[in-house]
Amino acid sequence: MGSWPKDVGIVALEIIFPSQYVDQTELEEYDGVTAGKYTIGLGQQRMGFCSDREDINSLCLTVVKKLIEKHGIQYSDVGRLEVGTETIIDKSKSVKTVLMQLFEPHGVTDLEGVDTTNACYGGTAALFNAVQWVESSAWNGRYALVVAGDIAVYAKGSARPTGGAGAVAMLVGPNAPLVLDRGIRATYIKHAYDFYKPDLTSEYPTVDGKLSIQCYLSALDNCYQLFCKNVAKNYNIKVTLDYFDSVVFHSPYCKLVQKSVARLALNDFVNGPENKRQELFPGSEAYNNVSLSNSYFDRELEKAFLGYSKEAFCKKTSPSLLIASQVGNMYTPSLYGGLVSLLISKDIFQLAGTKVGLFSYGSGLAASLYTISVSKDCNEASPLFKLVSSLQQVKPLLQRRQKVAPEKFEANLELRERNCHKAPYEPSGSIDHFFPGTYYLTKIDDLHRRFYDRIPVAANGHA
Ligand code: ACO
């Protein structure tokens with residue numbers, strides 16, 4: 001094999017989300033909670049959801065086919081394919097093997113990689129595997145394709161408005177416009193029962209909401225502290241929020257992301273020189289002895305640091321929350337939906353040459369903080385221009401979705417609940433609302449084998 005491949009990272013990116021959504025203001029009224037709880041308290045506007053016509057296989061088939069078609073990739077250009085998901089419909093057969101239906105007709109079966117699972121972290125684990133494969137002696141010169149997909153549904157109650165669904169596909173290779181920086185990323189993995197899915201007959205997780213927030217924020221603290229050390233050691237740079245042009249987070253709900261930026265500011269306060277505190281954080285005397293591990297639910301402290309970090313949030317993070325607020329928590333694709341949102345929210349000249357921090361969190365728990373360097377080259381022939389231009393359909397597609405009343409949304413979840421893992425099964429949901437190019441379930445036979453069909457693509461070749 002030739003020389004060490006340069007600038008390994010994301011070459012192309014594709015996202016899909018459900019064509020139906022429920023409005024969070026209408027859901028507040030329907031659920032009988034106070035107005036503003038979901039929209040202001042959680043920061044969510046709309047929630048995408050799937051009918052009984054979609055499952056994890058159909059979502060992943062749709063997003064892979066869309067990426068391949070839109071970017072003119074040959075199936076034989078791909079040498080590794082793996083999936084990150086926590087939407088388990090089979091305890092043995094991977095989603096990756098289902099996706100092989102797209103590759104086999106082209107004679108492509110030499111594809112390493114299977115599925116990776118740990119709550120919302122599986123997509124990041126798959127991405128790291130893909131980058132490492134390209135950088136390794138096993139690399140055969142072809143692209144790796146990473147798929148992150150999930151259907152996030154919760155039992156009736158306070159967690160339900162934090163659902164969502166979607167899938168992301170990322171083509172990984174050398175000379176990429178979005179390069180994963182080497183040698184500085186930080187990981188934090190621990191045993192916790194904050195959110196898990198022990199009941200294999202149900203789609204719903206068992207959730208300790210408060211503990212999950214504490215786990216998320218403490219994983220962020222730990223990853224950030226280690227990241228700061230790694231950068232100081234390798235580059236002799238002291239990291240603060242200023243180090244990043246943008247920071248993208250796994251988004252269970254948008255308000256938690258805003259609190260996460262405040263948390264990074266608190267870390268900067270703790271890490272910074274004491275004699276500069278009043279200058280950088282005016283009026284912060286009361287927090288001089290603050291301990292990171294004892295402050296997760298200190299509302300006064302949180303409010304103060306939400307204030308100190310407001311400008312940073314608006315500039316560095318808010319643009320990445322479009323899809324999260326419009327679709328909800330997509331679980332494994334959530335962080336990458338944040339990356340897509342960032343890429344479509346700015347002018348390419350504002351993106352070129354910037355440094356993006358990414359925080360990935362999966363309950364249970366596994367978390368990493370890493371950075372992407374965006375290529376400086378943004379002329380019309382550049383890979384960055386190609387990647388960003390290919391995402392211009394995302395905003396119009398969000399608008400083209402169909403709004404469904406909360407009653408129908410709830411009936412849909414009840415239908416999924418009743419028929420989860422049922423075989424044989426004939427799905428009854430309409431296929432009229434699907435975007436062109438969407439794969440959907442046609443039947444499950446008595447041996448639990450699943451069959452799919454596809455909505456024809458539009459005349460322009462895609463949705
Ligand atoms: N107007 C404005 N804000 C309001 C209103 C209102 N009318 N009513 C409530 N709020 C605020 C609350 O003050 C609270 O704000 P705070 O967090 O700043 O204190 C917020 O809305 C949420 O309300 P709560 O009553 O505290 O929380 P709730 O019991 O509704 O549960 C939770 C929220 C825990 C996030 C729940 O939805 C859940 O369990 N979700 C799934 C787990 C999750 O997403 N965890 C995050 C990390 S793990 C993962 O990614 C899955």
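Note that the coordinates shown come from a computational prediction; the quantities given were computed from them, not determined experimentally. In listed order, ligands and their atoms are each counted from 1.
- Annotation: Tyr216 is in aromatic contact with Tyr361 [ring centroid separation under 6.0 Å].
- For atom 3 (N) of ligand 1, the choice among Ser334, Ala219, Gly41 with the nearest heavy atom turns out to be Gly41.
- In terms of protein heavy-atom proximity, atom 22 (C) of ligand 1 is nearest to Leu42 CD2, 4.0 Å.
- A donor-acceptor pair shorter than 3.5 Å cannot be found between the side chains of Tyr308 and Asp268.
- Inclusion of Ile40 in the set of residues having an N or O under 3.5 Å from an N or O of ligand 1 is not warranted.
- Ranking protein heavy atoms by distance to atom 36 (C) of ligand 1, first place goes to Ser158 O, 3.6 Å.
- Among the atoms of Tyr154, none of the N or O lies under 3.5 angstrom from an N or O of ligand 1.
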Stepwise salt bridge (charged side-chain N to carboxylate O under 4.0 Å, His left out) test for Arg277 and Glu285: CA-CA 8 Å; Arg277 280 184 176 169; Glu285 299 86 346; over 6 Å; no

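- Counting protein heavy atoms only, atom 35 (C) of ligand 1 is closest to Tyr253 CE2, 3.3 Å.
- Atom 34 (C) of ligand 1 has its nearest heavy-atom neighbour, among Pro161, Pro252, Gly209, in Gly209.
- Heavy atoms from both the backbone and the side chain of Ala159 come within less than 4.0 Å of ligand 1.
- A side-chain donor from one of Glu28 and Thr39 sits under 3.5 Å from a side-chain acceptor of the other.
- Using a 4.0 Å cut-off to heavy atoms of Ala35, the atoms of ligand 1 that qualify are 1 (N), 6 (C), 7 (N).
- The shortest N or O to N or O distance between Ser363 and ligand 1 is not under 3.5 Å.
- Neither the backbone nor the side chain of Ala119 has any atom closer than 4.0 Å to an atom of ligand 1 (non-hydrogen atoms only).
- Shown here for Thr116 and Asn129, the closest heavy-atom pair between the two residues is OG1-ND2, 4.1 Å.
- With a heavy-atom cut-off of 4.0 Å, Val33 does not touch ligand 1 at all.
- Within ligand 1, the atoms closer than 4.0 Å to a non-hydrogen atom of Asn329 are 50 (O), 51 (C), numbered from 1 in the order shown.
- Under 4.0 Å from ligand 1, heavy atoms of Thr34 appear from its side chain as well as its backbone.
- Across His250, Lys255, Lys259, heavy-atom proximity to atom 18 (O) of ligand 1 is greatest for Lys259.
- The line from CG of Leu127 to OH of Tyr336 is 5.0 Å long, rounded to the nearest 0.5 Å.
- Nearest to atom 5 (C) of ligand 1 among the protein's heavy atoms is Lys37 CA, 3.5 Å.
- Protein heavy atom at the shortest distance from atom 43 (C) of ligand 1 is Ser212 OG, 3.7 Å.
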